[in-house]
Amino acid sequence: MPELPEVHTIARGLERQIVGQTIALVDVKAPRAVHGDPAVFSAALAGRRVASVGRRAKLLLLDFSPPLTLAVHLKMTGRLYVPARDAQPDKHTHIVFHFENVGTPSAPDRLFFHDVRKFGYCRLFAAGELTQWEFYRRLGPEPLELAPAAFPELFAGRTAAIKALLLDQRVIAGVGNIYADESLFRAGIRPDARASTISHARRLALGAALREVLTAAIAACGSSIRDYRDASGNAGAFQNSFQVYGRAGRPCLVCGHTLAAIKVAGRTSTYCGRCQK
DNA sequence: AGATCTACCTGGTTGC
DNA sequence: TGCAACCAGGTAGATC
């Protein structure tokens, strides 16, 4: 389930592998993996060169020349990667992007969009259109670019559970279930605490905890649980640093109290009833 | 308006 | 063993 650190890692890996490559042909095997007309999608990409690979929130953004932007949302199980030369698409490979350099063994020849659960999608934007996209336009600030002093203000006037707001991409971008739970633990805040009841100082601490956990996760190339792999098929390492995520029923690593699991905003949320108030 | 709930989808795990 | 029930979770869309 790629969140900000995982999408960041994938973008950096893809950048190394495919910038400068030109698309020859796009084979859309599952129309639903494309938002919009798959035939238009394929035709528009043919002949374009990958100019850069970036990220905004949990979106991968591939910029092409002549100008065109491909936004890819991996949702839970999506993967975008350069397969081995002899690898065959399987039933979950929904789009195959073929590059032009078929006769150059050292260069990537394809890019696979693979998604077991089919929640992910690819969507194409003409120059300047990305920022008109409703979803994109409403995204909140990037947590690693936000001034620390501005973080507490994100929750001004909000009465929802703090975790529900951390997961809301319009409040702050790129945070998912893992990093929400991990940052709340590090800040000593219960996931179901109402935002309006949390002091300014504790909201500041949450911002700092979130930056720390995201930065450490990026340094570890993300967290690998189940499906996640980076653009080269490598696992991340941050799952070894989880304090609470996936540890319900086991002892708190700080105080030994048994970690509890509750549902907040429809998501399993693991926390320590002694360390988090 | 904000808050909350559910559908979407498949594979792995659990329980009988 | 077989199979049904449940769980994972980001976002859109519906409802309260």
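First the proteins, then the strands, lettered A, B, ... as listed; each starts at 1.
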When the distance from [atom1] of [X] to [atom2] of [N] is rounded to whole Å, what number comes out?
X: A:Leu59; N: C:dG10; atom1: CG; atom2: C1'; result: 11 Å
X: A:Trp133; N: C:dT11; atom1: CH2; atom2: C1'; result: 11 Å
X: A:Arg55; N: C:dG10; atom1: CZ; atom2: C1'; result: 15 Å
X: A:Lys75; N: B:dT10; atom1: NZ; atom2: P; result: 14 Å
X: A:Arg79; N: B:dC9; atom1: CZ; atom2: C1'; result: 18 Å
X: A:His35; N: C:dA12; atom1: NE2; atom2: P; result: 9 Å
X: A:Arg170; N: B:dG2; atom1: CZ; atom2: P; result: 8 Å
X: A:Arg138; N: C:dA12; atom1: CZ; atom2: P; result: 8 Å

Just how far is it from atom CG of A:Asp27 to atom OG of A:Ser42, taken to the nearest 0.5 Å? 7.5 Å
5'-most by nearest nucleotide on DNA chain B - A:Leu165 or A:Gly266: A:Leu165
Residue-phosphate contact under 4.0 Å: [X] side-chain N/O, [N] OP1/OP2:
X: A:Lys263; N: C:dA8; result: yes
X: A:Thr268; N: C:dA8; result: yes
X: A:Gln169; N: C:dT11; result: yes
X: A:His92; N: B:dC9; result: no
X: A:Thr77; N: B:dT10; result: no
X: A:Lys118; N: B:dT10; result: yes

Can A:Phe119 be said to stack with the base of C:dT11, given centres closer than 5.5 angstrom and planes under 30 degrees apart? no
Strictly below 4.0 Å, N to O, side chains only: are A:Arg267 and A:Asp181 in salt-bridge contact? no
N-O pairing of A:Glu142 and A:Arg55 below 4.0 Å: yes
Of the candidate nucleotides [options], which contains the atom at the shortest distance from the side chain of [X]?
X: A:Arg267; options: B:dG2, C:dA8, C:dG10; value: C:dG10
X: A:Lys58; options: B:dT4, C:dA8, C:dT11; value: C:dT11
X: A:Arg32; options: B:dC9, B:dG11, C:dT11; value: B:dC9
X: A:Arg158; options: C:dA8, B:dC9, B:dA3; value: B:dA3

For the student: nearest non-hydrogen atoms of A:Phe97 and A:Ile23, plus distance: CD2-CD1, 4.0 Å
Return the minimal non-hydrogen interatomic distance between A:Ala193 and A:Ile198, and the atom names on each side. CB-CD1, 4.0 Å
Let's test your reading of the model: under 3.5 Å, does the base of C:dA8 pair with the side chain of A:Arg117 as donor and acceptor? yes
Just call it for A:Arg194: base, sugar-phosphate, or nothing, with non-hydrogen atoms closer than 4.0 Å on any strand. sugar-phosphate
Mark yes or no: A:Arg117 above the aromatic ring of A:Phe119, with NZ or CZ under 6.0 Å from the six-membered ring centre and no more than 45 degrees from the axis. yes
